[in-house]
Undergrad: 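Pasting a structure below so you can have a look.
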Protein chains: 2
Amino acid sequence: MAQLSDSIEQFIKELMSDDAHIELRRNELAQHFGCAPSQINYVLATRFSVDHGYIIESRRGGGGYVRIVRMQNRGEKNFLETLLERVGTSIDEDTANAIISNLYERKMVTRNEALLLKAGVARNALALPVSAKDVLRAAVFRNMLIQVFRNIEEGKRDDV
Amino acid sequence: MAQLSDSIEQFIKELMSDDAHIELRRNELAQHFGCAPSQINYVLATRFSVDHGYIIESRRGGGGYVRIVRMQNRGEKNFLETLLERVGTSIDEDTANAIISNLYERKMVTRNEALLLKAGVARNALALPVSAKDVLRAAVFRNMLIQVFRNIEEGKRDDV
DNA sequence: TCTTTTGACCTTCTTTGACTATTATAGCAC
DNA sequence: GTGCTATAATAGTCAAAGAAGGTCAAAAGA
């Protein structure tokens with residue numbers, strides 16, 4: 001039997017067709033496939049992750065949604081993947097700064113954005129034992145990196 | 001989908017346009033949107049708080065009203081101090097996001113920068129007990145805020 | 001063994017309604 | 001006219017219900 005997950009993956013990809021992003025209701029989709037809502041999360045996690053070239057955004061509560069953004073540019077997608085791999089689950093400040101400078105040199109972020117990124121991962125921002133700092137820095141940095149690429153990919157929406 | 005709260009927020013912002021303040025009738029507005037009057041209070045509380053840069057004044061009884069006042073731009077230096085004070089040593093995500101939106105509305109950061117700031121303070125970036133998250137978020141956020149103002153103040157040099 | 005599926009429980013955001021508080025005004029006593 | 005009082009017209013507060021989506025681990029399949 002064609003796995004449920006595969007069908008859902010297909011379905012979502014057809015929905016997207018040429019669009020760079022779509023928005024869907026998790027529960028609706030689950031109902032459509034007669035499965036548990038968390039099944040959708042599984043599909044997103046295993047087939048629409050960053051290393052598959054997608055970025056997921058969502059919102060809870062009334063009017064909640066799940067938005068799937070496809071990275072258009074293959075190079076960028078691979079680059080982000082590489083960066084996230086490099087960051088891993090722990091990273092020191094110098095390495096993070098090097099990555100940020102590199103992004104700036106490639107003109108993927110403005111100077112101001114680069115400085116903002118550096119501020120976010122700076123030692124003094126993380127008042128914790130050193131080893132914990134690196135772990136935390138990695139977490140914050142990953143999030144910011146993904147946002148950098150989202151900024152690049154996404155058309156200008158006006159919600160901030 | 002188009003959240004009621006979002007529509008009301010939009011509506012109010014359009015009403016304001018360039019004015020520094022507007023006055024409205026809570027019940028009238030509620031009726032216009034066919035919702036409970038207290039819904040209006042919810043929108044005001046979540047989208048027009050002081051952190052968002054607004055002050056609400058109101059009066060009950062016959063001829064009552066709700067006045068929404070957009071806060072004046074203080075000197076930048078002073079503003080940074082105020083913000084840092086507000087952040088203190090612990091801040092939750094919603095408050096941080098409100099402040100960021102405010103910076104964006106005041107055109108002190110670009111949209112991309114705002115999104116970057118939000119990514120830096122997002123819940124999911126901080127895999128820790130909630131209370132610890134708030135403390136850490138404050139630290140990271142302070143650092144980024146200072147950078148925002150440094151970006152504004154400093155002439156464009158090209159070293160990063 | 002590795003992947004998929006499900007379900008119980010959690011967190012976030014929105015909407016509503018019952019109850020409370022405040023203010024202006026009309027009517028009345030003087 | 002003045003001062004009180006009742007009433008109507010507002011707005012505020014808070015808790016509960018409703019409407020999403022998230023997480024994690026156990027069960028089920030391949």
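Note on naming: letters A, B, ... go to the chains in the order of the sequence lines (proteins, then strands), and numbering restarts at 1 for each one.
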Undergrad: Which residues within residues 19-36 of chain B lie with some heavy atom under 4.0 Å of an atom in DNA chain C?
TA: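 Residues of residues 19-36 of chain B that come under 4.0 Å of DNA chain C are, in numerical order, B:C35, B:A36.
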Undergrad: Round to the nearest Å and state the distance from B:I68 atom CD1 to D:dA11 atom C1'.
TA: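 Atom-to-atom, B:I68 to D:dA11, this comes out as 13 Å.
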Undergrad: Looking at B:H21, I want to see if its NE2 is surrounded by more than 12 non-hydrogen atoms of other residues, nucleotides or ligands under 6.0 Å.
TA: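 Atom NE2 in B:H21 is not crowded, with 12 or fewer foreign heavy atoms closer than 6.0 Å.
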Undergrad: Assuming nearest nucleotide by heavy-atom distance, tell me which of A:P37 and A:T46 is located more 5' along DNA chain C.
TA: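 Checking each residue's closest nucleotide, the 5'-ward one belongs to A:T46.
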Undergrad: Output the rounded distance in Å from CD (A:E57) to P (D:dG22).
TA: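 Taking atom P of D:dG22 as the reference, CD of A:E57 is at 12 Å.
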Undergrad: When we call it a touch if two heavy atoms are under 4.0 Å apart, what does B:D94 touch: a base, just sugar-phosphate, or nothing?
TA: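 If one applies the 4.0 Å heavy-atom cut-off, B:D94 turns out to touch the sugar-phosphate alone, with no base involved.
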Undergrad: Does a nitrogen or oxygen in the side chain of B:R67 sit under 4.0 Å from OP1 or OP2 of D:dA11?
TA: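 Checking D:dA11 against B:R67, no side-chain N or O comes under 4.0 Å of OP1 or OP2.
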Undergrad: Are A:V50 and A:I99 in one and the same hydrophobic cluster, where Ile, Leu, Val, Met, Phe, Trp and Tyr link if side-chain heavy atoms are under 4.5 Å apart?
TA: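 Yes; tracing contacts between hydrophobic side chains, which count when under 4.5 Å, links both residues.
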Undergrad: Whole Å only: how far is the CG atom of A:N41 from the C1' atom of C:dT6?
TA: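 Computing the A:N41:CG to C:dT6:C1' distance gives 12 Å.
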Undergrad: At less than 4.0 Å, is any side-chain N or O atom of B:Q3 found next to OP1 or OP2 of C:dT14? Yes or no.
TA: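 No, because none of the side-chain N or O atoms of B:Q3 sits under 4.0 Å from OP1 or OP2 of C:dT14.
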Undergrad: What is the distance, to the nearest angstrom, from the CD1 atom on A:I40 to the P atom on D:dA20?
TA: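 Going from CD1 in A:I40 over to P in D:dA20 covers 15 Å.
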Undergrad: Taking all non-hydrogen atoms of both residues, which atom of B:L4 and which atom of B:C35 are closest, and how far apart?
TA: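 Closest heavy-atom pair between B:L4 and B:C35: CD1-CB, 3.7 Å.
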Undergrad: Measuring to OP1 and OP2 of C:dT15, would you say a side-chain N or O of B:S5 lies under 4.0 angstrom away?
TA: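 Result: yes.
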Undergrad: Consider the side chain of B:R47, meaning its heavy atoms from C-beta on, and name the nucleotide among D:dG12, C:dT14, D:dG21 that approaches it most closely.
TA: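 Of all the options, the side chain of B:R47 is nearest to C:dT14.
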Undergrad: I'd like to know if B:R60 reaches the base of C:dA21 with its side chain such that a donor and an acceptor end up less than 3.5 angstrom apart.
TA: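 Such a pair exists between side chain and base.
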Undergrad: Among the nucleotides C:dT4, C:dC13, D:dG21, which one has an atom lying closest to any side-chain atom of A:V66?
TA: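 Side chain of A:V66 sits closest to D:dG21.
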Undergrad: Determine the minimum heavy-atom distance between B:A96 and B:V121, stating which atoms define it.
TA: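 Closest approach of B:A96 to B:V121: CB-CG2, 4.1 Å.
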Undergrad: Quick one: A:L4 CG to D:dG29 C1', roughly how many Å, whole number?
TA: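 After rounding, the gap between these two atoms is 12 Å.
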Undergrad: Nearest 0.5 Å, what's the CG-CG distance between A:L83 and A:N78?
TA: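 Reported to 0.5 Å precision, the distance equals 11.0 Å.
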Undergrad: With a 4.0 Å limit, can you tell me whether A:Y42 has a side-chain N or O closer than that to the phosphate oxygens OP1/OP2 of C:dT5?
TA: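 Checking C:dT5 against A:Y42, no side-chain N or O comes under 4.0 Å of OP1 or OP2.
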Undergrad: Over how many whole Å does the gap from A:D6 atom CG to D:dG29 atom P extend?
TA: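 Nearest whole value for this atom pair: 17 Å.
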Undergrad: Whole-Å distance between D:dG12 P and B:I56 CD1?
TA: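 To the nearest whole Å, that distance equals 9 Å.
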Undergrad: Mind calculating the distance between OH (B:Y65) and C1' (D:dA11) to the nearest angstrom?
TA: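 Taking OH of B:Y65 and C1' of D:dA11, I get 11 Å after rounding.
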Undergrad: I need the full list of side chain to side chain donor-acceptor pair (under 3.5 Å) pairs touching residues 32-42 of chain B, with sequence neighbours left out, sorted by first then second residue.
TA: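 Only B:S5-B:Q39, B:R26-B:N41 qualify under side chain to side chain donor-acceptor pair (under 3.5 Å).
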Undergrad: For B:G62, which contact category applies under a 4.0 Å heavy-atom criterion: base, sugar-phosphate, or nothing?
TA: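 Here B:G62 touches the bases of the nucleic acid.
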Undergrad: Starting from B:I22, can I reach B:M71 by hopping between I/L/V/M/F/W/Y residues whose side chains sit under 4.5 Å apart?
TA: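 Per the 4.5 Å side-chain linkage, B:M71 and B:I22 are not co-clustered.
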Undergrad: For A:D51 and A:S49, run side chain to side chain donor-acceptor pair (under 3.5 Å): C-alpha distance rounded to whole Å, both residues' side-chain angles, the deciding distance at 0.1 Å, then the answer.
TA: CA-CA 5 Å; A:D51 48 306; A:S49 64; 2.8 Å; yes
Undergrad: Could you check whether the side chain of B:S38 and the base of C:dG17 have a donor-acceptor pair of N or O atoms closer than 3.5 Å, going by distance alone?
TA: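 It does, because a donor-acceptor pair links the side chain of B:S38 to the base of C:dG17 below 3.5 Å.
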